[in-house]
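Just below is one structure, and these are the notes that go with it.
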Amino acid sequence: MRGYRETGLLFVLLCGVFVGQVLLWPAAARAEGLPTAARADNPFNKPDCAESGLKGATGRAQVAFDHEDRTYTKVTSDLTVTVPMSWTHADKLLFGPLTEGYRLAMQCLVRGDWQFDTRWEEWRSHEPVVKPGVKSVTVRIRTHTWVDQRLKLRVGPWTVDVRSTWWEVRFTPPETLGAVCWQNVVVDPGGPGASKATPRVTRGDGAHGLVWTSVVPQRPVTVRIEPPWPRRWSAQDDNAPFRIVDAAGYLLWDLLVAGALWRAAVLYRSRHQTLDPVEQRVTANLRNWGAALFCLSLLTNADDMVLVAAGAFEDPDKWAQQARFAVHAWWLTALAGVILLLFAGARRHLRVVGIVLAMVAAVPGILPSAVGLHAPTFVRPEEHGHAWYTVAAVAAATLASFTLFVLGTWAAAWRLLHDGRLLRDPGAGFPLSRALAFSVGGVLFLGVCQAVAKERDWLRGSWPSAFVHPTHTFRWPDGSISRYEGYGDWHWAELRSGLLWSADQAQDWWMGKLWILTALALLAFLHAASRRRMDFSVPAGRLPVLRTEPGPVERWLLMVSFPSVVVLFLGIYAANSGPALLWFFVDLAALAVCLHVGARGAVLNRQTGSGPRLGNLVAPADRAVLLTAARGHRERLAKLRRLDHGQSDEGLVNRERIEGELRDLRQWGSGPGGASPEHVLPPGLTVVDVVLALGPRDPWWDNARRAARYAALVSVPFAGFLAWAQTLRGDALNGTLYDPFGFPEVVWSFTSWVFAFAAVGFLLGALWRQLPGRRGPAKALPLAVAYAAPVGLFAVGNHLLGEEQDVLALAAAAVLLVLTLTALAMDLDTFRAERAFWPSRTHLLLSVYQMRFFSLQIAWLLVQVVAVITLWQFFTGADAPPSGNGSVTK
């Protein structure tokens with residue numbers, strides 16, 4: 001009943017959250033209006049660009065749209081301007097890129113006579129290239145952007161107007177370049193080409209390029225594009241209804257996972273009427289975590305759905321008014337932490353800490369006026385600044401809310417590990433002081449990473465605005481006074497904006513990591529279930545191994561772990577996760593089919609003639625006898641090979657004797673403690689095959705744990721390579737450097753890959769006796785195929801939609817190699833008692849497998865072929881857009 005009361009309380013809290021939002025929105029909407037961003041539209045706020053000195057300058061401009069093999073269309077601008085040395089600022093282009101003179105000259109060429117401007121959507125791979133000549137200076141500037149939102153994007157001298165069904169690109173150089181003679185203006189709209197262009201095109205270039213050789217400001221170049229529909233959909237992923245469907249996809253995925261956990265808990269209780277205390281706790285945890293996961297997902301995704309449906313972010317020019325939604329993140333994040341503490345069954349001291357943190361976060365979020373906070377004003381540059389206690393309250397609320405969320409995660413993880421008897425000290429209490437210190441330290445570390453990334457993003461987005469641009473006022477002839485914010489005021493406004501939005505960003509980022517708790521809940525339950533013994537007809541050592549294998553509920557959870565922990569999230573097409581829930585069933589079906597087909601070839605499922613299956617005859621007590629017989633089998637085979645090199649009459653006699661001994665080894669007697677008759681192996685099997693099929697340990701849980709450790713160890717280089725491919729390769733490096741959670745995401749990517757590899761290794765060990773093949777590498781194939789099948793289907797969908805393949809092929813190859821190496825380690829561990837008699841593990845492995853040099857050569861060639869194909873496909877993939885962007889204009 002306690003679990004049901006907690007579930008009911010969670011739903012009541014969630015209802016209160018959304019009702020509160022509905023009540024607070026009208027009040028926020030009535031907030032006093034703010035003036036629009038002050039543009040420097042008076043002569044006292046404009047730099048002197050000396051446009052008259054640019055007469056005789058020449059320029060070339062090109063823009064290209066790349067729709068192929070990527071989710072978002074990449075737009076690349078290439079601007080080249082050659083200015084005479086007589087221009088006032090020409091010599092300043094030769095200065096250092098951080099000098100005021102250089103930035104002023106560059107600003108006149110790329111932005112015009114605005115002394116301050118920001119472009120968050122524009123990216124630069126490197127600094128502009130300046131080449132001095134005898135009488136001129138040539139400047140080449142390459143910039144790019146991604147069409148990932150429905151608004152007007154500015155990149156170089158181009159403006160891209162993104163609409164729902166068509167896009168329009170216009171050549172809009174700054175007014176300071178009005179005297180430039182544009183010798184060549186090129187627009188490459190990509191496939192399928194342009195649908196409309198003005199003025200008349202001079203000539204074509206390549207498959208779709210359009211070229212104008214004479215362009216005048218009075219008739220700007222305008223090209224309309226109708227891109228492929230996947231690129232159009234991707235460009236609307238922040239707009240309704242696409243964003244609503246996207247959030248619904250994540251919510252339904254978590255609902256499926258929660259439903260699978262509930263089903264397992266109900267089935268286990270129905271199959272076992274009497275549960276011991278440990279089983280009762282882990283079963284309740286399984287059910288309660290399913291409810292908590294759904295509530296947390298509802299809290300995060302449904303909130304986004306409501307905001308998008310209300311049109312909260314439709315108008316990018318109202319970014320200051322949108323800041324009022326950021327205060328909700330404090331108490332939503334704190335509420336997520338409370339849900340986790342409720343699940344963890346927090347004790348008195350932990351409850352007190354949680355209440356204190358929740359109050360610190362809730363007061364500014366629910367009553368912002370109590371700390372002097374008006375969110376739309378807080379993110380704008382202000383004449384008199386902001387009170388220190390207002391900034392301190394925002395920082396405290398952000399720190400407290402996210403700390404509570406992280407602390408709740410640690411408490412929930414500790415409960416799962418403690419109740420599942422997975423801790424070294426099962427009787428230990430929750431280490432509150434260490435958990436709190438670790439949570440606070442981790443949040444502060446994330447804050448430092450976020451501050452560094454935000455500062456880098458500010459320097460990128462505000463380039464090349466003048467550093468020396470103080471705030472000043474101007475009195476007009478009619479007596480009115482206008483105030484113009486300078487670089488420093490806008491800089492501080494950006495830092496305050498990042499601080500205000502950090503809780504919202506942190507909540508979404510941390511929520512994506514909670515699948516680890518799902519894995520721990522599964523692990524704790526499986527550990528407790530593995531200790532239950534159902535058959536007491538014979539001693540434990542004489543119980544056939546197939547009767548101790550995972551039961552129906554355990555096998556169900558092992559299968560659920562495949563999509564929810566190993567494969568994780570597939571099916572995101574056109575930047576939308578709506579169809580992702582279908583892949584949950586695809587993953588389950590792929591694993592079920594591979595296991596069903598593979599079980600027919602399992603060694604222990606082979607029948608001994610017309611008798612029972614081999615696994616119903618072999619017991620743990622037979623291990624010592626089988627190991628001795630397996631060693632004798634290998635020794636006699638070695639003797640036969642030596643006889644083959646020197647055949648003689650005496651050798652024929654010895655060969656017949658050895659062959660007779662090998663036939664005798666196909667029978668084994670029962671181990672100590674039993675009186676079963678002798679057993680005969682099925683045709684085609686040797687006693688070595690039986691020993692390898694048993695695995696290195698007797699209980700399936702121990703085999704699974706052993707395989708998980710081996711997989712985690714051997715996966716480290718593969719995890720590092722995959723983490724590099726996702727976060728540090730190509731344009732993804734920009735996302736890491738400028739994203740608030742860029743560096744932590746690198747660490748997390750590596751850790752999550754290791755955890756996922758360990759999970760698939762655990763699955764290999766748990767199902768070891770049900771997998772086909774006589775040797776470990778053969779047992780790894782069904783799981784590798786089960787992983788590659790949905791990945792392959794997903795790759796086919798990406799190919800049909802023209803999207804990038806990311807690291808899918810590399811991940812599938814890594815899974816195969818990790819499972820193969822893990823299986824080899826399991827086979828070596830099975831014969832660990834003989835390790836002292838061999839010079840190396842390789843020699844022992846070759847003896848166990850009875851491999852010769854030809855087999856090694858074939859295996860080595862296959863590995864090279866797989867590596868070459870995988871790396872070729874990987875390095876020919878497309879780059880991904882960075883995820884970092886400024887918060888001042890979004």
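Computation of the quantities below employed the complete heavy-atom set of this structure, encompassing side-chain atoms and omitting hydrogens, waters and symmetry-equivalent molecules.
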Checklist line | Ring centres under 6.0 angstrom apart (Trp515, Phe755) | finding: yes
Margin query: If you apply the rule ring pair (Phe, Tyr, Trp, His ring centres under 6.0 Å), what do you find for Phe721 with Trp724, and how did you get there?
Written below: CA-CA 5 Å; Phe721 195 41; Trp724 168 81; 5.5 Å; yes
Notebook entry, point to check: Is the shortest heavy-atom distance from the side chain of Leu523 to the side chain of Leu416 under 4.5 Å?
Noted result: no
Notebook entry, point to check: Hey, does Val690 have a side-chain heavy atom less than 4.5 Å from the side chain of Asp622?
Noted result: no
Item checked: Closest heavy-atom pair and its distance - Ala524, Val282 -> O-CG1, 3.9 Å
Notebook entry, point to check: Does any N or O in the side chain of Trp556 come within less than 3.5 Å of the main-chain N or O of Ala260, such that one atom is a donor and the other an acceptor?
Noted result: yes
Check: To the nearest 0.5 Å, how far apart are CZ in Arg705 and NE2 in His527?
Finding: 7.0 Å
Margin query: For Asp419, give me all partners under salt bridge (charged side-chain N to carboxylate O under 4.0 Å, His left out), at least two apart in sequence or on another chain.
Written below: Arg281, Arg415
Item checked: Residue of the set Leu340, Leu296, Leu293 for which side chain to side chain contact (heavy atoms under 4.5 Å, CB included) holds with Leu517 -> Leu340
Next item on the list: Output the distance between atom CZ (Phe718) and atom CG (Leu810), rounded to the nearest 0.5 Å.
Entry: 9.5 Å
Next item on the list: Please round to the nearest 0.5 Å and tell me the distance separating atom CE of Met826 and atom CZ of Arg709.
Entry: 12.0 Å
Check: Side chain of Arg697, backbone of Asn703: donor and acceptor closer than 3.5 Å?
Finding: no
Note to self: For a quick test of reading the model, state the closest non-hydrogen atom pair linking Thr830 to Pro696 and the distance between them.
What the structure shows: OG1-N, 3.3 Å
Notebook entry, point to check: How many angstroms lie between CZ in Arg287 and CG in Leu261, if you round to the nearest 0.5 Å?
Noted result: 12.0 Å
Item checked: Minimum heavy-atom distance between Leu581 and Trp253, given as atom pair plus value -> CA-CE3, 4.2 Å
Next item on the list: Would you indicate whether Trp410, at its atom CH2, is surrounded by more than 12 heavy atoms from other residues, nucleotides or ligands within a distance under 6.0 Å?
Entry: no
Next item on the list: Go through the structure and list residues passing salt bridge (charged side-chain N to carboxylate O under 4.0 Å, His left out) with Asp827, not counting sequence neighbours.
Entry: none
Next item on the list: Answer yes or no: is there a side-chain heavy-atom contact under 4.5 Å between Leu614 and Leu685?
Entry: yes
Next item on the list: Looking only at non-hydrogen atoms, find the nearest pair between Val565 and Leu522 and report the distance.
Entry: CG2-CD1, 4.3 Å
Next item on the list: Please check if the side chain of Ser561 supplies one atom and the backbone of Leu558 the other of a donor-acceptor pair under 3.5 Å.
Entry: yes
Checklist line | CG on Leu557 to CG on Leu267, rounded to 0.5 Å | finding: 9.0 Å
Item checked: Parallel, tilted or perpendicular: rings of Tyr573 and Phe794 (30°, 60°) -> tilted
Notebook entry, point to check: Would a 4.5 Å heavy-atom cut-off, applied to side chains only, mark Tyr268 and Phe525 as touching?
Noted result: yes
Next item on the list: Could you list the residues that satisfy salt bridge (charged side-chain N to carboxylate O under 4.0 Å, His left out) with Arg774, not counting sequence neighbours?
Entry: Asp689
Check: Any side-chain heavy atom of Leu526 within less than 4.5 Å of one from Phe762?
Finding: yes
Next item on the list: Look only at the side chain of Asp587 and the backbone of Phe584, and say whether a donor-acceptor pair between them is shorter than 3.5 Å.
Entry: no
Notebook entry, point to check: Measuring from Leu617:CG to Leu546:CG, what's the distance to the nearest 0.5 Å?
Noted result: 9.5 Å
Margin query: Can you give me the closest heavy-atom contact between Trp768 and Ala693, atom names plus distance?
Written below: CD1-O, 3.3 Å
Notebook entry, point to check: Any donor and acceptor pair, going by atom type alone, linking the side chain of Asn288 with main-chain N or O of Ala284 inside 3.5 Å?
Noted result: yes
Notebook entry, point to check: In this structure, which one of Leu821, Leu816, Val815, Thr822 forms a side chain to side chain contact (heavy atoms under 4.5 Å, CB included) with Val818?
Noted result: Thr822
Margin query: Taking the side chain as everything from C-beta on, heavy atoms only, tell me whether Val560 gets closer than 4.5 Å to Arg263.
Written below: no
Check: Should Ser297 and Leu255 count as side-chain neighbours, where that means a heavy-atom distance under 4.5 Å?
Finding: no
Next item on the list: Quickly, which of Asn605, Leu595, Leu604 forms a side chain to side chain contact (heavy atoms under 4.5 Å, CB included) with Gln770? Name it, please.
Entry: Asn605
Checklist line | Glu279 side-chain N/O to Ala529 backbone N/O, donor-acceptor pair under 3.5 Å | finding: no
Next item on the list: Please examine the side chains of Phe757 and Leu722, heavy atoms only from C-beta on, and report whether any two atoms are closer than 4.5 Å.
Entry: yes
Notebook entry, point to check: CZ of Phe831: more than 12 outside heavy atoms within 6.0 angstrom?
Noted result: yes
Margin query: Could you check whether any side-chain N or O of Asp246 sits under 3.5 Å from a backbone N or O of Ser577, counting only pairs where one atom can act as donor and the other as acceptor?
Written below: yes
Item checked: side-chain hydrogen bond (donor to acceptor under 3.5 Å, both in side chains) evaluation trace for Glu554 with Trp700 -> CA-CA 11 Å; Glu554 293 90 318; Trp700 68 265; 5.8 Å; no
Note to self: Please check: side-chain N/O of Thr727 versus main-chain N/O of Thr736, any donor-acceptor pairing under 3.5 Å?
What the structure shows: no
Next item on the list: Identify the heavy atoms of Thr71 and Ala574 that sit nearest to each other, and give their distance.
Entry: CG2-C, 4.4 Å
Check: Given Asp702 and Arg706, is the side chain to side chain contact (heavy atoms under 4.5 Å, CB included) satisfied, shown in steps?
Finding: CA-CA 6 Å; Asp702 290 345; Arg706 201 74 177 169; over 6 Å; no
Note to self: Evaluate Val603 against Leu692 for side chain to side chain contact (heavy atoms under 4.5 Å, CB included), listing each step before the verdict.
What the structure shows: CA-CA 9 Å; Val603 171; Leu692 292 175; over 6 Å; no
